[in-house]
Amino acid sequence: MSENSETRFGAATGVGSLPGQDAREAVKAVTGTFEDFPHLPELPARGPGADMIGRTAGMLVELYARVEPSGWRLGDRPGRDTRRARAWLRQDLDALEEFTQGYTGPLKVQAVGPWTLAAALELRSGEAVLSDAGAVRDLAASLAEGLRLHLAEIARRVPGATPVLQLDEPSLTAVLRGQVRTASGYRTHRAVDRQVVEATLRDVLGAHGGGPAVVHSCAPDVPFALLRRAGAHGISFDFSLLTERDDEAIGEAVEGGTRLFAGVVPGTDGPLSDPAGSVMGVRTLWRRLGLHPGLLAEAVTVTPACGLAGASPEYARRALAHCVRAARSLADDPE
């Protein structure tokens, strides 16, 4: 393991989104539950601009987006939708600053990664940014600069924290496989070369200047090796979607010091097993890979399987608390 992996990350945290519209209530719940690894919540129920694409579009530098019936589209100047996205982010940061007075430790903030953003944002023509390699480069550069400013703002507001950048890339596998549909829906955009995908991710992760960074995807077939090469210190995924095909890549990731953010708690309402039961699959994986049980607590952060925006507020609170208890079970009884 890399020697500073334990200082970068805590034992449990959330993925990002939560139900509801009250920023103070959401931040209070997160900071009260994850005392050693809180994150900045996202509240997409507030509407366009609080959704993951709109929120990140509001962070872009010298690129602006507006809501069209088909989704978010790049435009010439900042309009009402950009202003709303930025206002909500300021509101969230105000709440975060209020509830993290004196906090020291890792603090996670999320933004959509360049490839999912390129697949979701439209050019003026209505086609995805993904269709134009030059536009993708411009978008990635704008995103990197926006993230630099965002991380600097986090550092200013919570000076004792170590900001952890999480890029959300649920569309990454579809981009690599040429499965992103065109505007007409009849065709798909061609697959992007893996080296181009990796280099672009590396550039955007570089906005953190070498600081701790995580890439999250709750889609199947997460490209673990590619993400590690691109500079991700941690990889966040839906544990239930793993197959034995992933074993070798996961074993190499753990031995190389990459933190696994194991999404083991369901993201939508349902019964929760006992905490030990939630991490039973992680222990089973460890045995199958022949990894030392003592590595578990320093290699794994327990999270929900994905964002909790679709859950009820009551379930979301229980799910976050359950992550903490499951992580404790993993640490107390690694066998």
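Atom set for the values below is all heavy atoms of this structure, side chains included, hydrogens, waters and symmetry mates excluded.
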Query raised in the report: Is the shortest heavy-atom distance from the side chain of T100 to the side chain of R157 under 4.5 Å?
Result: no
**Report entry** Reported CG-to-CZ distance for the pair L143 and R148, which is rounded to 0.5 angstrom
**Finding:** 10.0 Å
Query raised in the report: Just wondering, more than 12 heavy atoms not from R202 lying within 6.0 Å of its CZ?
Result: yes
Query raised in the report: For V67, does its backbone N or O pair with a side-chain atom of R73 as donor and acceptor, under 3.5 Å?
Result: no
Query raised in the report: Does D92 pair with R46 as a salt bridge, N-O distance under 4.0 Å?
Result: yes
Report task. Go through V30 and F99 one step at a time and tell me if the side chain to side chain contact (heavy atoms under 4.5 Å, CB included) criterion holds. Result -> CA-CA 10 Å; V30 165; F99 286 103; over 6 Å; no
**Report entry** Heavy-atom check, side chain of L96 versus side chain of I154, under 4.5 Å
**Finding:** yes
Query raised in the report: Backbone N or O of S312 within a donor-acceptor pair of the D269 side chain at under 3.5 Å?
Result: yes
Requested in this report: Would you indicate whether the side-chain heavy atoms of L176 and L226 approach each other to under 4.5 Å?
Outcome: yes
Query raised in the report: Considering all heavy atoms of both residues, which atom of R194 and which atom of P223 are nearest to each other, and what is their separation?
Result: NH2-CB, 4.0 Å
Report summary line: Rounded to the nearest 0.5 angstrom, the CG-CD distance for L205 and E198 is 11.0 Å
Report summary line: Here the pair of heavy atoms bringing S278 nearest to S273 is OG-OG, 3.1 Å
Query raised in the report: According to a 4.5 Å side-chain heavy-atom criterion applied to Ile, Leu, Val, Met, Phe, Trp and Tyr, with indirect links allowed, do V129 and L147 form part of one hydrophobic cluster?
Result: yes
Query raised in the report: Does the S142 side chain pair with the main chain of D138, one donor and one acceptor, at a distance under 3.5 Å?
Result: no
Query raised in the report: Going only through I, L, V, M, F, W and Y residues with side-chain contacts under 4.5 Å, is there a path from L289 to V279?
Result: yes
Report task. Measure the shortest side-chain to side-chain distance between E255 and L291 over non-hydrogen atoms and say whether it is less than 4.5 angstrom. Result -> yes
Report task. Could you walk me through whether W286 and V300 pass side chain to side chain contact (heavy atoms under 4.5 Å, CB included), step by step? Result -> CA-CA 11 Å; W286 233 245; V300 175; 3.9 Å; yes
Requested in this report: List the steps, then state whether side chain to side chain contact (heavy atoms under 4.5 Å, CB included) holds for L330 with R283.
Outcome: CA-CA 8 Å; L330 209 53; R283 292 193 182 95; 4.0 Å; yes
Requested in this report: Answer with yes or no whether the hydrophobic clustering places L89 together with M52; edges join I, L, V, M, F, W, Y residues whose side-chain heavy atoms lie under 4.5 Å apart.
Outcome: yes
Query raised in the report: Within a reach of under 6.0 Å around CZ of R24, are more than 12 heavy atoms found that belong to other residues, nucleotides or ligands?
Result: no
Query raised in the report: Any donor and acceptor pair, going by atom type alone, linking the side chain of H208 with main-chain N or O of P163 inside 3.5 Å?
Result: yes
Query raised in the report: How are the rings of F37 and F261 set to each other: parallel, tilted or perpendicular (split at 30° and 60°)?
Result: perpendicular
Query raised in the report: About how many Å separate CZ of R124 and CD of E122, when rounded to the nearest 0.5 Å?
Result: 12.5 Å
Query raised in the report: Side-chain contact, heavy-atom cut-off 4.5 Å: F237 with D246?
Result: no
Query raised in the report: Is it true that a side-chain atom of T116 and a backbone atom of S171 form a donor plus acceptor pair closer than 3.5 Å?
Result: yes
Query raised in the report: Closest approach of V109 and L40, non-hydrogen atoms and distance?
Result: CG1-CB, 4.0 Å
Query raised in the report: Any side-chain heavy atom of L117 sitting closer than 4.5 Å to one from I53?
Result: yes
Requested in this report: Taking T82 for its side chain and Y64 for its backbone only, find out whether a donor-acceptor pair lies under 3.5 Å.
Outcome: no
Query raised in the report: Distance from E298 atom CD to R259 atom CZ, nearest 0.5 Å?
Result: 8.0 Å
Query raised in the report: Does the pair L260 and F239 meet the rule for a side chain to side chain contact (heavy atoms under 4.5 Å, CB included), with working shown?
Result: CA-CA 10 Å; L260 302 181; F239 192 85; over 6 Å; no
Query raised in the report: Do the side chains of L149 and L60 join up, straight or via other hydrophobic residues, at under 4.5 Å, putting them in one cluster?
Result: no
Report summary line: Heavy atoms of P44 and S17 approach each other most closely as CD-CB, 4.0 Å
Query raised in the report: Between E127 and A183, is there a donor-acceptor pair closer than 3.5 Å when you use the side chain of the first and the backbone of the second?
Result: yes
Report task. Compare every heavy atom of V164 with every heavy atom of P106, then report the nearest pair and how far apart it is. Result -> CB-CG2, 4.0 Å
Query raised in the report: Got a sec: does the CD of E98 have more than 12 other heavy atoms crowding it under 6.0 Å?
Result: yes
Query raised in the report: Is atom CZ of R137 surrounded by more than 12 heavy atoms (other residues, nucleotides or ligands) closer than 6.0 Å?
Result: no
Query raised in the report: Above 12 or not: heavy atoms from other molecules or residues under 6.0 Å from CD of E62?
Result: no
Query - Rounded distance (nearest 0.5 Å) linking atom NE2 of H216 with atom CG of L227 - result: 12.0 Å
Query raised in the report: Mind checking whether V61 and L139 sit in one hydrophobic cluster, side chains of I, L, V, M, F, W, Y counted as touching below 4.5 Å?
Result: no
Report summary line: Rounding to 0.5 Å, atoms OH (Y315) and CG (L320) come to a distance of 9.5 Å
Report summary line: Here the pair of heavy atoms bringing G54 nearest to D51 is N-OD2, 2.9 Å
Query raised in the report: Does atom CD of E25 have more than 12 heavy-atom neighbours, drawn from other residues, nucleotides or ligands, at distances under 6.0 Å?
Result: no
Query raised in the report: If only atom types and distance count, is the side chain of T268 paired as donor or acceptor with the main-chain N or O of G310 below 3.5 Å?
Result: no
Query raised in the report: Within a reach of under 6.0 Å around CD of E35, are more than 12 heavy atoms found that belong to other residues, nucleotides or ligands?
Result: no
Query raised in the report: Given the rule in the side-chain hydrogen bond (donor to acceptor under 3.5 Å, both in side chains) test, do Q166 and S236 qualify, once you have shown the distances and angles that lead to the verdict?
Result: CA-CA 9 Å; Q166 175 180 304; S236 171; 4.8 Å; no
Requested in this report: Could you tell me whether the side chain of E169 reaches within less than 4.5 Å of the side chain of P114, counting heavy atoms only?
Outcome: yes
Query raised in the report: Are Q110 and E42 side-chain neighbours, meaning at least one heavy-atom pair lies under 4.5 Å?
Result: yes
Query raised in the report: Okay, side chain of Q101, backbone of E97: is any donor-acceptor separation there less than 3.5 Å?
Result: yes
Query raised in the report: In terms of side-chain geometry, is the basic nitrogen of E153 or R156 positioned less than 4.0 Å from the acidic oxygen of its partner?
Result: yes
**Report entry** Under 3.5 Å donor-acceptor, K28 side chain and A95 backbone
**Finding:** no
